[in-house]
Protein chains: 2
Amino acid sequence: MVEDTEDVGEAVVGAFTRLGHAVDWQKTRAGSADALAVQDYALIVLDINLPDGSGFDLLAEIRSKGLQTPVLVLTARALVDDRVDALDTGADDYLVKPFDFRELEARARALLRRRQGSATTTLSAGNVVLDPRSRAVTLDGRPVELTRREIALLEILIGQPDRVFSKSDLLDQLYGFENEAGPNAIELYIGRLRKKLAGASAEIRTLRGMGYQIVVNKAPRA
Amino acid sequence: MVEDTEDVGEAVVGAFTRLGHAVDWQKTRAGSADALAVQDYALIVLDINLPDGSGFDLLAEIRSKGLQTPVLVLTARALVDDRVDALDTGADDYLVKPFDFRELEARARALLRRRQGSATTTLSAGNVVLDPRSRAVTLDGRPVELTRREIALLEILIGQPDRVFSKSDLLDQLYGFENEAGPNAIELYIGRLRKKLAGASAEIRTLRGMGYQIVVNKAPRA
DNA sequence: CCTCCCTTGACAGGTTGATGACAGCTAGCG
DNA sequence: CGCTAGCTGTCATCAACCTGTCAAGGGAGG
């Protein structure tokens with residue numbers, strides 16, 4: 001909470017505290033910058049008129065440092081241009097004084113809610129990661145270039161690590177019923193995958209006569 | 001865009017289209033639910049008064065299904081309780097009619113920005129910078145002249161660097177339901193972008209059979 | 001030592017993407 | 001109201017690369 005007006009600050013701090021949130025109340029731009037350098041906040045409520053500088057500058061500073069903390073701006077001026085500027089400077093929301101506390105609370109809830117989205121839907125084995133949505137594969141964070149078939153095959157294997165897939169299993173899943181391919185095709189792609197994933201902490205193992213499985217290497221204790 | 005009033009709808013659709021965004025305009029709650037089941041949107045602008053039900057119900061339905069698409073609610077009533085209800089039902093923002101289009105655009109930008117994960121107001125990859133507000137693109141600070149479609153395509157790619165976008169992903173985002181285009185259109189615009197961004201430290205790469213991605217070239221330490 | 005199965009290199013065919021030319025359309029302007 | 005300029009998207013052609021078969025060389029297990 002960055003706010004230099006006593007009564008507004010007290011009211012807001014009181015309201016959030018009653019809701020069970022911990023609040024730091026800073027009254028200057030400098031103090032706020034210091035606090036932000038030390039602490040990681042879930043939400044910043046920022047007044048624009050500060051004794052030692054504009055809240056806009058503080059906001060710009062925050063964003064230029066790459067901080068993604070949601071910011072809710074408070075101001076006394078209701079001009080449309082002010083709001084547009086605030087939002088384009090990197091604010092997430094905007095409220096004009098005087099405001100209703102219920103609305104402040106609601107907007108704060110909406111911003112906090114946003115935070116915890118984005119479930120991880122990626123498949124991984126060791127340092128090999130496959131994102132089925134973008135169909136991109138990375139090894140230690142570095143992108144690996146795979147072709148469509150190679151990714152399709154890897155996706156099957158990595159979806160159930162340690163499970164053994166017979167060649168006919170793989171053929172059925174990779175090709176429709178009609179356009180079957182020879183069993184060699186699988187062996188071929190296994191080879192190509194191994195080559196492209198060299199250096200990974202996961203390995204495609206052959207079980208003679210049974211099929212293939214992907215396994216994560218135990219720590220090489222080297 | 002969910003809105004049953006003709007003139008408001010036309011104005012908003014026109015504004016976003018001019019900015020290079022693809023817009024689907026639904027006039028009923030039922031139609032919107034159908035569209036949402038099929039398509040993945042970057043933003044939903046939702047009017048509350050609909051002929052076949054309340055927008056609140058649609059909003060609740062969206063959230064109950066786990067969809068995290070940002071929702072901006074439009075309404076004619078300025079009551080505080082309405083706003084609080086909207087935000088608590090899962091809306092991300094709220095605007096009272098009549099509103100200024102600049103503000104609608106700014107709020108839409110803020111919501112879209114948040115989804116991309118970056119809190120900063122400009123998108124960049126290497127020395128290529130895109131300012132969504134002015135829809136201007138610069139290369140090493142020098143302005144590059146791009147057309148609407150070119151900017152829209154670049155905006156998608158640069159919003160998530162390294163991510164691979166399939167051609168159908170791009171088609172869905174660039175064109176609404178109505179004016180679909182052939183896959184060649186994408187290839188064409190990729191080519192045009194590459195030509196206009198020649199010499200940049202970022203590059204649009206082709207992953208055959210999978211799609212396109214934008215990557216920043218590692219420093220050539222020359 | 002022998003057999004079967006896997007591995008790997010090379011190759012032909014087919015699919016996918018790149019590119020130049022062109023027509024429809026929109027918008028701005030006189 | 002008509003005209004021009006530029007944006008848009010389709011077609012056709014060509015190049016690049018993926019795909020899967022063949023065949024020849026290993027290696028594990030009996």
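Residue numbering restarts at 1 for every chain, and letters A, B, ... go by the order of the sequence lines. Please read all numbers here as calculations on a predicted model, not as lab measurements.
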Colleague: Return yes if a side-chain donor-acceptor contact under 3.5 Å exists between A:Ser201 and A:Asn217, otherwise no.
Modeller: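 Checked: A:Ser201/A:Asn217 side chains show no N/O donor-acceptor pair below 3.5 Å.
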
Colleague: State whether B:Lys196 places a side-chain N or O below 4.0 Å from either non-bridging phosphate oxygen (OP1 or OP2) of D:dC7.
Modeller: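 For D:dC7, OP1/OP2 do not have a side-chain N/O of B:Lys196 under 4.0 Å.
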
Colleague: Is there a donor-acceptor pair closer than 3.5 Å between any side-chain N or O of B:Arg63 and the backbone N or O of B:Gly90?
Modeller: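 Yes: the side chain of B:Arg63 pairs with the backbone of B:Gly90.
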
Colleague: Measure the distance from OH on B:Tyr189 to C1' on C:dT19 and round it to the nearest whole Å.
Modeller: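 To the nearest whole Å, that distance equals 15 Å.
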
Colleague: If you assign each of B:Gly182 and B:Glu145 to its closest nucleotide in DNA chain D, which residue comes earlier from the 5' end?
Modeller: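 Here B:Glu145 is the residue nearer the 5' end.
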
Colleague: What residues from residues 150-160 of chain A pass a heavy-atom cutoff of under 4.0 Å to DNA chain C?
Modeller: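 Listed by number, there are none.
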
Colleague: Without swapping roles, check the side chain of A:Asp140 against the backbone of A:Asn127 for a donor-acceptor pair under 3.5 Å.
Modeller: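 It does not hold such a pair.
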
Colleague: For B:Arg29, is there an ion pair with B:Glu61 - N to carboxylate O distance below 4.0 angstrom?
Modeller: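 The answer is yes: the pair qualifies as a salt bridge.
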
Colleague: How close or far is atom C1' of D:dA28 from atom CZ of A:Arg205, stated in whole angstroms?
Modeller: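 About 15 Å, once rounded to whole Å.
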
Colleague: When you measure from the side chain of A:Thr147, which nucleotide among D:dG9, C:dG9, D:dC18 comes out closest?
Modeller: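 Of the options given, the side chain of A:Thr147 lies nearest D:dC18.
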
Colleague: May I ask you to evaluate whether A:Tyr175 reaches the phosphate of D:dG20, defined as a side-chain N or O under 4.0 Å from OP1 or OP2?
Modeller: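 Yes.
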
Colleague: Separation of A:Leu174 atom CG from D:dT19 atom P, in whole Å?
Modeller: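 From A:Leu174 CG to D:dT19 P: 11 Å.
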
Colleague: Starting at the 5' end of DNA chain D and moving along, which residue's nearest nucleotide shows up first, B:Pro183 or A:Ala185?
Modeller: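 Here B:Pro183 is the residue nearer the 5' end.
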
Colleague: Do any N or O atoms from the side chain of B:Lys196 and from the backbone of B:Glu145 form a donor-acceptor pair under 3.5 angstrom?
Modeller: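 Pair found, side chain donor or acceptor close to backbone of B:Glu145.
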
Colleague: Taking all atoms of both residues into account, what is the closest heavy-atom pair of A:Ser124 and A:Val129, and its distance?
Modeller: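 Of all heavy-atom pairs spanning A:Ser124 and A:Val129, the closest is CB-CG2, 3.9 Å.
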
Colleague: Keeping the roles fixed (side chain from B:Glu150, backbone from B:Thr147), state whether a donor-acceptor pair exists under 3.5 Å.
Modeller: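 The answer is yes, because a donor-acceptor pair under 3.5 Å joins these two groups.
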
Colleague: Does A:Arg163 have more than 12 heavy atoms from other residues, nucleotides or ligands lying within 6.0 Å of its CZ?
Modeller: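 More than 12 heavy atoms, drawn from other residues, nucleotides or ligands, come within 6.0 Å of this atom.
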
Colleague: Quick one: what's the B/S/- string for nucleotides 10-18 of chain C, heavy-atom cutoff under 4.0 Å, read 5' to 3'?
Modeller: ------BSB

Colleague: Please determine whether a side-chain nitrogen or oxygen atom of A:Arg149 lies at a distance below 4.0 Å from atom OP1 or OP2 of D:dC18.
Modeller: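 No, because none of the side-chain N or O atoms of A:Arg149 sits under 4.0 Å from OP1 or OP2 of D:dC18.
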
Colleague: Would you say the side-chain atoms of B:Arg113 pair up with the backbone N or O of A:Leu87, donor to acceptor, closer than 3.5 Å?
Modeller: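 Such a contact is found between B:Arg113 side chain and A:Leu87 backbone.
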
